[in-house]
Each structure stands twice: as C-alpha cells, then as structure tokens.
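These notes are about the structure you will find just below.
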Amino acid sequence: MDSGLRKHLNILDYTLLSLWRRRLKNLSILLVFAGVIFLVASFELVTQALTETADRALRNVPEITLQRLSAGRQETVPLTYMERLRGIFGIREIVPRVWGYYFDEVSGANYTVMGMDRRRMPGGKEMDLALARGDMPDPEERGAAVIGQGVETVLRQKGGSLLSLFRPDLSQVSFEIAGVFAPATDILTSDLIVLHPEDARDLFRIPSGMATDLLVYVANADEVSTIARKIATLLPDTRVLTRTQIRKTYQVVFGWRSGFASVCLLTALTAFVIFAWDKASGLSPEERREISVLKILGWETADILAIRFWEGLLVAGLAFVLGCTAAYVHVVFYDASLFRPVLVGWSVIRPDLRLLPTPELANFLLIFCGSVLPYLAATVIPAWRSASVPAETALSGM
Amino acid sequence: MFLNSWSIALVICGLVVTFLMGFAARSGIRVLFHWNPDSDANRQIQLENEIWLTSTLVECALGVQIISLVVFVLAADFYSQAIVGAMCATGSLLANNFGVPALIVKIGGVFFYGFWIVLHQLDIRSEHYPLVRLKYVYLLLLLPFLALDLTLGVLYVAGLHPDIITSCCAVVFGETAGGGPNLLSGWSPRLSLSLFYGSALALLAIGIVLLVRWRMWASLLFSSLCLWFFLLALMAVTTVFSSYIYAMPFHKCPFCILKAEYHYIGFLLYVPLFLGAFLGMSVIVAEPLRSLDGLEEVVPRFQKRAVVSCLALLLVFVGVATYPYLRYLILGGEG
C-alpha cells in the first residue's frame with residue numbers, strides 16, 4: 001500500500017480512538033450540530049417539495065389568464081371581451097370562469113367555488129379521472145356540485161347529504177353531490193366546489209354576461225408572450241397573467257420565504273459556530289499533554305493538523321447525515337409540522353398536503369454551505385493552536 | 001435578490017473565504033516583517049509554526065472557493081426560474097453586467113489560490129524554506145483579488161430583479177420564451193473542433209517531448225498551451241459538445257450539464273479539465289524555482305508528475321467530451 005495512504009489510515013484510526021475517548025464532549029457538539037443542520041435542511045426540503053408541487057399543479061393552468069381591473073381592484077369581465085379576442089391568431093380557446101370564495105360561518109372555513117364550461121376546456125373531458133367517487137355532472141345539468149375532500153369532511157360533520165349555501169341576500173340554495181375529488185388532487189381541490197357556471201353566477205349574484213376571469217388557451221407555447229402582449233394592447237383595462245409568470249412568482253415567493261427563514265436560522269448558526277469555536281479552543285491539560293507527547297514521539301505539526309482535520313470532518317459528516325435524515329423524516333412522515341405554517345400559509349381547511357421532496361445534489365450543497373462550511377472555518381484556527389502546542393509542555397508537568 | 005437560500009449560501013461562502021484569507025494575510029504580514037531563517041529566537045519558532053496556520057487557511061479557502069464556484073453556477077440556474085427571459089444559468093448570468101465577470105474572477109480564484117498551495121508544498125520540502133517571502137507577497141497580492149470576487153458577487157446578486165406579478169400592472173413581457181441567449185454564438189463548430197483536437201494533440205506531443213528531455217522553452221510552451229486549451233475547451237463545450245449532451249441542436253449552455261437531468265456529466269467534464277489545466281500551468285509557475293537552494297530535486301520531480309497527471313486528466317476530459325458526439329455520429333442521436 002502507498003505509504004502516504006497508510007499514514008492517513010493510521011491517523012484516521014488514531015482520530016477515531018481520540019473521538020471515542022472524549023465521547024461526551026464530541027457527542028454534545030454532534031447533537032447540537034445535527035440540530036442546526038436539521039433546521040436548515042427541513043426548510044430546504046419543504047421549499048423544494050412545495051416548489052415541485054406548485055410546478056406540478058401549474059401544469060394544467062391555462063397559458064393565459066385575463067382579469068379586468070378597475071380602480072386597481074379586480075372586477076368581473078364582460079363576456080363581450082371574448083369576441084374582441086377572436087381576431088387574435090393562435091388562440092385555441094377562451095373559457096369564461098366564474099369563481100370566488102365562500103365563507104361558511106358554521107365551520108369557519110373558506111371554500112373556493114368555481115363554475116366553468118368544461119366542454120370547452122382542453123382536457124376538460126378527462127376531469128372524471130380526478131374523482132374518487134361519482135361522476136362529473138352533465139355540462140347542461142344544473143343543481144349538481146363536485147366537491148373536494150375537505151368540503152366533504154365538513155359536510156359529513158354537519159350530517160347532510162345536500163350542500164346548502166347562502167346567496168348574498170341570505171336566501172338558501174342547495175346542490176346535490178355528484179362527485180368527490182380524489183385525495184391525490186388535494187392541493188388543488190381540497191376546498192373546492194365545482195358548479196355549473198349559471199349556478200355559480202346565481203350563488204354570487206353575478207349578472208349574466210359577466211365572468212370573474214377569462215382563461216385563454218394557446219396552441220403554441222412559443223407564441224404565449226406575443227399573444228399576451230396583443231391582448232394587453234387590445235384590452236388595456238385587463239391584467240394579463242401568463243403561466244410562466246405565475247410559476248416564477250411562486251418560485252420567488254417560496255424562495256423569499258425560505259430565504260427569510262434561513263436568515264432567522266443564521267442566529268442559531270452563529271450561536272453554534274461560537275459554541276464550536278469555544279469547544280475547539282478550550283484545550284484541557286490532558287489534551288495539551290497528549291499533543292506534546294505525540295510531538296516528542298516524532299509527530300509533526302502537520303500530522304496533528306491532520307488529526308484535527310479528520311476530527312472535524314467526521315463530526316461534521318456524521319452530523320450532516322443525521323441532520324439531513326431527521327429533516328427528511330420530519331418532512332415526509334410528519335409533513336414538516338414544525339415549519340409548514342411559515343411556508344404554506346394559514347387556512348381552516350388546510351389541504352392534507354403530502355410533501356415528498358426529491359432532493360438533488362444542489363439541495364445538499366446548499367445545506368452544506370449553510371452549516372458545515374461555517375463550522376469547518378470556525379475550527380481551523382483552534383485546530384492550529386492545538387497543533388502548535390510545544391513539545392516541552394509534557395516535560396514541564398503541564 | 002438577497003433573500004433566498006442561494007444568495008445566502010453565496011454570501012456565506014464569500015465571507016468564509018474572506019475570513020480565512022484575512023487571517024492568513026495577518027500572519028503573512030508578520031512573517032514578511034520578522035522572518036529571519038538564521039535566528040533561533042522565540043519569535044522565529046513561532047513564525048515557523050504560523051506557516052502551518054497560513055497554509056491550512058489557504059487550503060481551506062481554496063476548498064471553499066471551489067464549492068463557491070459550483071454554488072455560483074447552480075445559484076444562477078435557480079435565479080433563471082425567477083427572471084423573465086432567462087431559460088437557464090446562461091440567461092441569469094447575462095441578466096446584468098456583473099454575472100460573467102463574477103464567474104471569471106471566481107474561476108481565476110481557484111487557479112490563483114491553487115498556485116499558492118503549489119508554492120507552499122514546494123517550499124516545505126526544503127529545510128531552508130526558500131520561498132517564504134515570495135509566498136507571502138503573493139498571498140498579500142491575492143487580497144485585492146479576493147475583494148473583487150466578493151464585490152462582484154454581491155453586485156451581481158443585488159442587480160438581479162425578479163419579475164413577479166404585481167397587483168398594479170400587467171405582466172412585464174421580457175424576451176420571448178424560445179431559445180434564450182447563448183454565450184459565444186457565431187463560432188463555427190468545424191473550426192472549434194479542428195482547433196480543439198489539434199491543440200490536444202499538440203499538448204500531448206509537447207508533454208512527451210518534456211518527459212523525454214526537459215527544456216525550458218518546452219515547459220513554457222506546454223503551460224501556455226494548457227491555458228489556451230483550457231479556454232478553447234470551455235468554448236468547445238459551450239458551442240459544440242453541450243448540444244450533443246442535451247440532444248438539442250440549439251441548446252448551447254456550459255452550465256445545464258451540471259444538473260441531475262444530464263446525470264451530472266458536467267462534473268465529469270470540468271473536474272479533469274480544471275485539474276489538468278491547473279497542473280499544466282503550474283509547470284511554468286515552478287520553472288523559475290528549479291535552481292533555488294534545496295529545491296533542485298523537488299521541483300523537477302514535481303514538474304514531471306504534473307505533466308504526466310495533466311496529460312492523463314486532459315485525455316479523460318477529451319474522452320468524456322467526445323463520447324456523446326461520437327455516439328451521435330455512430331448511433332444517429334436519441335430516439
């Protein structure tokens with residue numbers, strides 16, 4: 001075997017023994033360090049999982065969404081706007097959508113009510129596949145609703161088979177439950193009630209001939225921004241949202257939130273770095289004796305630095321594996337219950353969201369930079385100080 | 001755009017490198033002023049100890065700098081998801097005037113810190129430490145470079161403005177989604193390839209000449225050719241080889257190959273290229289030291305090993321780069 005490699009193997013062997021001899025001190029550093037890595041990694045993994053979930057959800061969003069603004073606020077869009085867009089070449093379909101939030105006073109939950117003509121939506125016919133029970137009602141059929149899992153739970157608690165909602169003037173309107181969305185679609189459908197467009201208009205008292213927004217489907221993805229620009233010129237009182245833009249906004253929001261959380265965690269990291277520096281600096285008389293004996297036996301400063309290097313690497317590596325594993329378990333099996341409110345938001349009906357991060361090399365690199373690097377930097381100088389203990393210390397009785 | 005994990009990681013890397021190099025420079029100044037190899041005073045013994053500290057610090061700084069380079073490229077890829085018109089890291093690096101200079105300075109940092117470590121390793125092989133002063137003057141010269149690196153990185157991140165949906169106005173329409181900007185457009189692939197393989201052969205020939213009989217002019221030529229080949233290789237990967245890895249004729253990007261979608265093949269390309277080019281260039285860095293006291297045997301031995309390792313690594317690089325290209329020529333692409 002190469003003599004350099006053998007030397008390092010021997011040093012590694014010595015390091016492991018030395019770590020074991022001071023196991024209590026090393027264990028305390030290991031646990032605190034693993035805790036810090038757990039915090040950093042949990043945030044990173046939750047962000048990664050949420051970004052991916054949002055990305056998946058946005059795949060079915062129409063290429064362009066059109067909203068009308070008046071005095072800076074969103075207003076209903078007249079359906080006549082659709083006629084004005086007919087002339088734009090490249091638009092595949094325009095679907096008016098009526099939607100809004102409905103506050104249920106009994107359960108304190110906010111439902112999302114949506115009404116649209118699914119016959120005109122590309123992929124609308126496949127919506128049956130998203131249901132756990134029942135069928136999508138016939139597009140012409142009035143008085144039927146398809147609800148999400150969260151709404152069904154509330155309905156079951158109330159004990160009724162009909163979904164009864166109140167119009168703004170408090171007159172009641174009831175719907176039969178035609179189907180229930182599958183739990184796999186919870187992030188999108190948990191609080192959702194899908195109605196016939198006229199039923200939705202009736203529930204919100206939106207005049208006929210109006211819609212909340214218009215969904216514009218574009219055939220060629222490369223033409224989206226050109227078409228969006230044309231729409232914005234043609235209808236200056238509208239806000240044109242493209243799917244790419246929505247995705248980028250999600251990305252920025254999640255990035256911002258996780259960044260903000262990381263900044264908060266920096267205090268924990270700083271505290272840990274100071275702790276690690278302090279632990280590494282405070283050499284006990286036994287440690288000084290050990291180093292000076294090693295030097296008398298012929299060890300060089302470089303060899304003792306190598307011991308310190310291996311010690312740091314072993315502790316950091318073990319803490320990294322422990323912290324990351326704990327974070328993965330926390331996110332996947334406990335749904336990141338510690339931090340989810342910070343990243344997801346608050347709501348009474350919270351989608352029963354299964355977070356399943358698929359961490360890549362980049363995520364681990366990020367966690368490494370936010371935890372292990374500062375630790376290694378903090379221990380370099382104390383390591384050198386301990387390596388430069390003079391050999392005569394052992395002789396002088398220290 | 002400071003408030004996201006990638007920017008914070010970049011800043012942490014920058015601060016760690018600054019901290020380590022700052023400490024190294026502090027002991028460097030002490031060594032420069034008080035170094036006296038003939039003395040056996042307490043201070044001299046302490047300074048000899050400090051040499052170990054400095055080298056450990058610079059070695060750590062080099063490690064962090066390499067990590068920071070990878071983080072920088074991956075961060076640019078992350079930013080592309082938030083900037084209109086940016087399809088991948090190339091787009092976000094071109095999003096303001098500081099992206100590409102910051103990348104170049106970071107790559108330069110890896111080489112310059114590495115050369116310091118070469119000097120140090122040669123120095124400690126001699127009992128007289130003949131390179132101490134040179135080493136520490138070089139170390140102090142690295143400080144402005146370090147400051148430039150940190151400043152460019154911060155300016156780049158500060159100059160990035162994510163395009164998010166605002167409540168007051170319609171979407172800001174940036175570049176169209178298709179294509180995206182390419183670095184180094186307009187190079188003919190045929191010319192790039194002939195230059196690339198021609199230079200690789202020339203490098204191999206000069207390397208063999210050097211190994212058979214060492215000549216000063218040949219070592220100078222070898223190192224210069226290494227630098228030339230390094231730049232050429234980066235260009236060839238960008239303009240020619242990357243398209244074959246992506247299996248898309250118009251996707252010419254030197255950064256996406258570092259991602260999981262392409263099985264991290266970029267690391268297999270860049271690690272041998274950077275290491276090989278570095279070793280090749282360190283041959284000329286060590287050349288003036290051949291005649292120094294105590295280094296007469298050490299330097300030639302190092303140079304020969306460096307030439308052999310450089311050639312081996314660059315062969316690996318050429319092999320990995322050529323594989324997708326050859327595969328396309330033989331099998332006719334993916335399908």
Side-chain angles (χ1 to χ4, degrees), chain A residues 40 43-44 47 51 69 72-74 221-226 228-229 232 236 238-242 244-249 251-263 266 269 300-302 305 309 360-362 365-366 368-370 373-374 376-377 380-381 383-385 387-388 390, chain B residues 1-10 12-13 15-17 19-20 23 45-46 48-57 60-61 63-64 67-68 70-71 74-75 77-79 81-84 124 162-165 167-179 258-260 264 267:
Chain A
V40 176
F43 266 110
E44 182 54 30
T47 312
T51 313
L69 294 184
R73 300 211 157 250
Q74 196 189 332
D222 287 347
E223 291 175 356
V224 171
S225 55
T226 315
R229 196 180 296 125
T238 55
R239 179 163 70 164
V240 188
L241 304 174
T242 61
T244 332
Q245 203 70 29
I246 299 173
R247 209 187 62 226
K248 288 189 185 232
T249 304
Q251 189 77 41
V252 172
V253 169
F254 287 142
W256 188 89
R257 284 190 182 188
S258 89
F260 187 74
S262 309
V263 169
L266 279 184
L269 184 70
E300 289 173 13
T301 309
L305 272 174
F309 166 75
E360 289 178 10
L361 186 75
L365 188 66
L366 211 52
F368 182 85
C369 288
L373 276 193
L376 289 179
V380 171
I381 293 166
W384 165 75
R385 284 217 182 103
S388 58
Chain B
M1 204 171 141
F2 276 107
L3 213 53
N4 66 66
S5 314
W6 284 101
S7 309
I8 293 170
L10 268 179
I12 289 180
C13 285
L15 289 179
V16 167
V17 175
F19 168 78
L20 295 171
F23 255 93
I45 294 169
Q46 206 183 342
E48 283 179 16
N49 251 334
E50 285 210 12
I51 288 177
W52 289 104
L53 172 67
T54 325
S55 67
T56 316
L57 289 171
C60 285
V64 180
I67 293 172
S68 139
V70 178
V71 170
L74 294 177
D77 188 66
F78 168 80
Y79 297 143
Q81 297 167 16
I83 299 170
V84 164
I124 56 171
D163 272 306
I164 56 169
I165 297 166
S167 57
C168 56
C169 60
V171 181
V172 183
F173 301 105
E175 306 274 323
T176 51
L258 293 167
K259 289 164 68 176
Y264 301 113
F267 288 98

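Below, read A as the first sequence line, B as the second, and so on, with proteins coming before strands; counting in each chain starts at 1.
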- Item | Portion of B:E50 that has a non-hydrogen atom of chain A nearer than 4.5 angstrom | both
- Can you tell which part of B:L20 gets under 4.5 Å to a heavy atom of chain A, answering side chain, backbone, both or neither? side chain
- Task: Would you name the heavy atoms of A:P374 and B:I12 that are closest together and state the gap between them?
- Result: CG-CG2, 3.9 Å
- Which atoms form the tightest heavy-atom contact between A:G255 and B:F78, and what is the distance? CA-CZ, 4.4 Å
- Task: Pick out which of A:I381, A:T301, A:V380 makes a side-chain contact (heavy atoms from CB on, under 4.5 Å) with B:T56.
- Result: A:V380
Which atoms of [X] come close to chain B, meaning under 4.5 Å heavy atom to heavy atom: side chain ones, backbone ones, both, or neither?
X: A:L361; value: both
X: A:L266; value: side chain
X: A:F368; value: side chain
X: A:E44; value: side chain

- Task: Determine the option with the most heavy-atom pairs under 4.5 angstrom with chain A, choosing from B:L74, B:L15, B:I8, B:V70.
- Result: B:I8
- Message: Tell me which of these, B:F19, B:Y264, B:Y79, B:F23, has more heavy-atom pairs under 4.5 Å with chain A than the rest.
- Response: B:Y264
- Message: Does any part of the side chain of A:L376, heavy atoms only, come nearer than 4.5 Å to the side chain of B:C60, both counted from C-beta?
- Response: no
- Determine, stepwise, if the pair B:I67 / A:C369 fulfils side-chain contact (heavy atoms from CB on, under 4.5 Å). CA-CA 8 Å; B:I67 293 172; A:C369 288; 3.8 Å; yes
